[in-house]
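As structure tokens, the structure follows; a few thoughts come after it.
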Protein chains: 2
Amino acid sequence: MQIDPSRPEDLSAQIAQAIKDAIIGGTLIVDERLPSEAELSDHFQVSRPTVREALKRLAAQSLIRTQRGATGGAFVNRLSFEDAYAQQITTSTLLLSMNAVSFDTACEARYALERACAPLSAERRTADHLATMRAEIFRQSQPGLTDEAFCASDVAFHRALVDGAGNPVLSYQLAGAVEGMQPLMNMITFTARDRARIIALHERIADAIEARKPEAAGSGLSELEMETRRLATDVFAARAKGQRPSPSARS
Amino acid sequence: MQIDPSRPEDLSAQIAQAIKDAIIGGTLIVDERLPSEAELSDHFQVSRPTVREALKRLAAQSLIRTQRGATGGAFVNRLSFEDAYAQQITTSTLLLSMNAVSFDTACEARYALERACAPLSAERRTADHLATMRAEIFRQSQPGLTDEAFCASDVAFHRALVDGAGNPVLSYQLAGAVEGMQPLMNMITFTARDRARIIALHERIADAIEARKPEAAGSGLSELEMETRRLATDVFAARAKGQRPSPSARS
DNA sequence: AAGAAATCATTTGTCAGACATTTAAAAGTC
DNA sequence: GACTTTTAAATGTCTGACAAATGATTTCTT
């Protein structure tokens, strides 16, 4: 594990990469303790602040965790599904918000992936998943719900649908697709009639999942996709005409 | 944008989070220059090394880039699809290698997601995508190919299939599912007969994509999934019996 | 006056050394 | 033996300094 001080790249970046490679390559295994900062600075022939910058880079990616005290130090971190979810969501959200991805493109990707989960979810969903879906549908039907709360409930509904597939890898992959779209969804204002249509489709999907009918769930999702895209088209067209103020994405 | 020095969390982590929130929330926009390290240390009432650790955390997530010199500084980085791909692949790879995810679970997720791309790819693939798929199939049929090279070509084939859908968001999401599985795939040894079967299925899928037949592509993928899972089951069963040495994942 | 060269100022990158804080183990005390 | 105190090791933070890069400014030359 060596670095090249003559390379133009930052020393801390090189050190972080070297340690990262060691983790990915299996040289350093989960829960193994890294050498202390003093030992690392000695090994790489750099100062301790430089080593620390490298370690912070790794900590930011959840590759290591640090512990203070006598038996403390930096330890290779087992990347948990929760950490991976969070990273995935952040990355997806930023990717969509910073790259002028069209609503249609993001929507198409999201529903294509969700349809992939539907058959598995219809087969394996537990009563718990179903109960969550029903509860979210009920919440969505409450009058006086803000658009943001409606969207948040929408996300929860779809996550329950995805989690119903009982495949954590799938849930992880979908987390970004579903949650990353929320800022885009929040740009839409829903009328009462819009909501009613969406809720009806949610019920249809939940019914299909409950009855273990994969095709019905898939077609329900397809209709929901069309409905969502139609809504977005209308809202954006209205904004373009200046019929409404053109607010930026609401947080 | 403030921090609380009395909280137990690292100051650099708090500062990083505060800046991250500002970026996600839109307070800081793409290509905007952050205050200099000296100004930040003054603002947050911490030393410059602490600020630097915070900035390195953000740099590790590609949220900022830094530039030296008179007009240099830290700038909010536009998260490119390439950066997002790379992060996604690293995270997925680590998640699968560190969490004892069963081969079947990962495989199921991967093929479910790929089947979601197949209809779109059948509809939109260009001659380019098709040419890549054919080229990879040809490479896979070359004798003397190592198992690793065979797997790498397999990944390239599937990426071409996914990219054929012409949806960058979908390509981004699938990057992790396809490439993250490579270390697991590399644990499998392929006999000549195994390879022949896989290549035949690849050809069937490519034919379906070329003929713009979404259902045929989907069923080809389903068969490929079954074939892959059968192979893995055999290999692992043989290893368990001690008929072969039990190597760890080859890099 | 115009262009080239030198200088300067700003900013990040790195270093050295120090102190504070946390934590577990070792030593001491009853 | 159980409890308390001390100690050592490690990370977290600070101060101050210098190096290196780089654009802007000034000066010099023609």
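We name chains A, B, ... by the order of the sequence lines, and we start the count at 1 in each one. These numbers come from the heavy atoms of this one structure, side chains and all, not from hydrogens, waters or symmetry mates.
- Rounded to whole Å, atom C1' of C:dT12 lies 15 Å from atom CG of B:Leu58.
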Derivation of the salt bridge (Lys or Arg N to Asp or Glu O under 4.0 Å) call for A:Arg65 and A:Asp31: CA-CA 9 Å; A:Arg65 61 178 186 278; A:Asp31 291 335; 3.0 Å; yes
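- An OP1 or OP2 oxygen of C:dG13 is reached within less than 4.0 angstrom by no side-chain nitrogen or oxygen of A:Ser12.
- For the 3.5 Å distance criterion, the side chains of A:Asp4 and A:Ser6 qualify, holding a donor opposite an acceptor.
- The distance from atom CD1 of A:Ile64 to atom P of D:dA10 is 16 Å, rounded to the nearest whole Å.
- If you check every strand for non-hydrogen atoms under 4.0 Å, A:Arg33 touches sugar and phosphate atoms only.
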Under 4.0 Å protein heavy-atom contacts per nucleotide of nucleotides 18-27 of chain D, with B for base, S for backbone only and - for none: -BBBBB----
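- In this structure, CG of B:Asp10 is placed 7 Å from C1' of D:dG12, rounded to the nearest angstrom.
- Distance, A:Leu34 CG to D:dA10 P: 13 Å, rounded to whole Å.
- The separation between A:Phe75 atom CZ and C:dA24 atom P is 11 Å, rounded to whole Å.
- In this structure, the CD atom of B:Glu9 is 13 Å from the C1' atom of D:dG12, given to the nearest Å.
- Looking at A:Asp154 and A:Arg110, a side-chain N of the basic residue comes within less than 4.0 Å of a carboxylate O on the acidic one, giving a salt bridge.
- Note: CG (B:Leu55) to C1' (C:dT14) measures 15 Å, nearest angstrom.
- Partners of B:Arg139 by side chain to side chain donor-acceptor pair (under 3.5 Å), not counting sequence neighbours, listed by chain and number: B:Glu136.
- Pairs of residues two or more places apart, or lying in two chains, that qualify as side-chain hydrogen bond (donor to acceptor under 3.5 Å, both in side chains) and include a residue from residues 163-174 of chain A are A:Asp163-A:Ser171, A:Asn167-B:Glu108, A:Tyr172-B:Ser92, A:Gln173-B:Gln88.
- Rounded to whole Å, the distance from CD on A:Glu37 to C1' on C:dT22 is 14 Å.
- The side-chain tip of A:Arg229 does not point at the ring of A:Phe236 from less than 6.0 angstrom away and within 45° of straight on.
- A:Ser102 and A:Thr105 are linked by a side-chain donor-acceptor pair at a separation below 3.5 angstrom, with hydrogens and angles left out of the test.
- For A:Thr50 and C:dC15, the shortest distance from a side-chain N or O to OP1 or OP2 is below 4.0 Å.
- Of the candidates D:dT15, C:dT14, D:dG12, the closest approach to any side-chain atom of B:Arg52 belongs to C:dT14.
- Listed pair B:Thr66 / C:dG13 meets the phosphate criterion, a side-chain N or O lying under 4.0 Å from OP1 or OP2.
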